[in-house]
Amino acid sequence: MNSNGESTAQARETGTLGKLMVLLDLVTHADSPLRFTDILALAGQPRGTLHRQLTHLVEEGLLELDGDGRYAPGLRLLDFAARSWARNEFRLIAEPHLRDLQQATGETVHLGVLRGQSIIYLDKVEGRQPVRMYSQIGNASPCYCTGVGKAALSLLPAESLVDLLAGLSFTSFTASTHVSAETLLAEIREIAHQGYAFDREEHEAGIRCVAAPVWSEDRTFMGGISITGPAYRLSMELLHQWVVPVQLAAVRIMEGMRVRLGPRR
């Protein structure tokens, strides 16, 4: 790396904004609110610097400090997230097609995008049935054990797919979860050939889905759309019947992207 590259990398690690982003990441991704000593151990920053930065984040409403001295995400972050989500043009293009698919099936419909080794859920239309999914917009799920994730992986060039799989750490969430790159790669190749994917209770026991890939023309966006529900309602026979509807919804979303997000003349 040249000196300019080294300076840029160093600025990311030591610059004020970079340090603040590290703190926001730590607090927002923690399973429960963190105390100052917890953040100090994780952030690796001097105590005085860390205290000043946390104070600034609290003053700006990006973090909140409760009565027990624990830090949690602030309401201003929620406002940022809500505004970003509401104005996301891709989500707006996809929304009517997600709702049509939910109306046709009665089950929960998800839209997700591949980011690194995870699927980030951009939108969700809740099913009409009494049993509901615990997934949330903005949440991340592993790419290797979700229908949307495997559909998205099927879009990757062969070399990129092999590199990504080599870096995965597999967790066996259920008895059906892939635990090796070899078995996952075999299924991804099958998905790429047929154009749809299943989640056969691989991430959550008792939950199944059928998914289809969605991508932009320049492949800067690679993700998927899925119909998800409990296994006692969604037999594999029924999921096979929904392959065509979920694929058609994906095609309509991509056509909307092509028309509205394509080159402007």
What pairs with [X] under salt bridge (Lys or Arg N to Asp or Glu O under 4.0 Å), at least two apart in sequence or on another chain?
X: R52; value: none
X: D31; value: none
X: E201; value: R208
X: R200; value: E187

For Y196, all residues meeting ring-ring contact (aromatic ring centres under 6.0 Å, His included), sequence neighbours excluded: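 With neighbours one apart ignored, the set is F198.
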
H178: partners by ring-ring contact (aromatic ring centres under 6.0 Å, His included), with sequence neighbours left out: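 Once residues adjacent in sequence are excluded, H178 has no partner under the ring-ring contact (aromatic ring centres under 6.0 Å, His included) criterion.
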
Which distance, rounded to the nearest 0.5 Å, do you find between the [atom1] of [X] and the [atom2] of [Y]?
X: I253; Y: I225; atom1: CD1; atom2: CD1; result: 4.0 Å
X: L184; Y: R189; atom1: CG; atom2: CZ; result: 10.5 Å
X: I119; Y: L111; atom1: CD1; atom2: CG; result: 9.5 Å

Set of residues satisfying side-chain hydrogen bond (donor to acceptor under 3.5 Å, both in side chains) with respect to S226, sequence neighbours excluded: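 With sequence neighbours excluded, S226 shows a side-chain hydrogen bond (donor to acceptor under 3.5 Å, both in side chains) to T228, given in chain and number order.
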
By side-chain hydrogen bond (donor to acceptor under 3.5 Å, both in side chains) - contacts of R35 (at least two apart):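 Not a single residue meets the side-chain hydrogen bond (donor to acceptor under 3.5 Å, both in side chains) criterion with R35.
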
Pairs touching residues 243-255 that satisfy salt bridge (Lys or Arg N to Asp or Glu O under 4.0 Å), sequence neighbours left out: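 The answer is E255-R258.
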
Residue pair V22 / K19, side-chain heavy-atom distance below 4.5 Å: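 Sidechains of K19 and V22: no contact.
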
Sub-4.5 Å side-chain heavy-atom contact between V27 and P73: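 Contact flag for V27/P73 side chains = yes.
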
Side chain to side chain donor-acceptor pair (under 3.5 Å): pairs with one or both residues in residues 154-165, sequence neighbours excluded: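 Matches after skipping sequence neighbours: none remain.
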
Indicate every side-chain donor-acceptor pair of residues 61-68 with a distance under 3.5 Å to a residue at least two apart or in another chain.
unit_1, atom_1, unit_2, atom_2, d
D66, OD1, D68, N, 2.9
D66, OD1, G69, N, 3.1
D66, OD1, R70, N, 2.9
D66, OD2, R70, NE, 3.1
D66, OD2, R70, NH2, 3.3

Distance-minimising heavy-atom pair for E107 and W242: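 So the minimum-distance heavy-atom pair works out to CG-CH2, 3.7 Å.
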
Parallel, tilted or perpendicular: rings of H110 and Y121 (30°, 60°):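 The rings of Y121 and H110 sit tilted, inter-plane angle from 30° to 60°.
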
ILVMFWY cluster membership beyond L248 - transitive side-chain contacts under 4.5 angstrom: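 Result for L248 is V244.
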
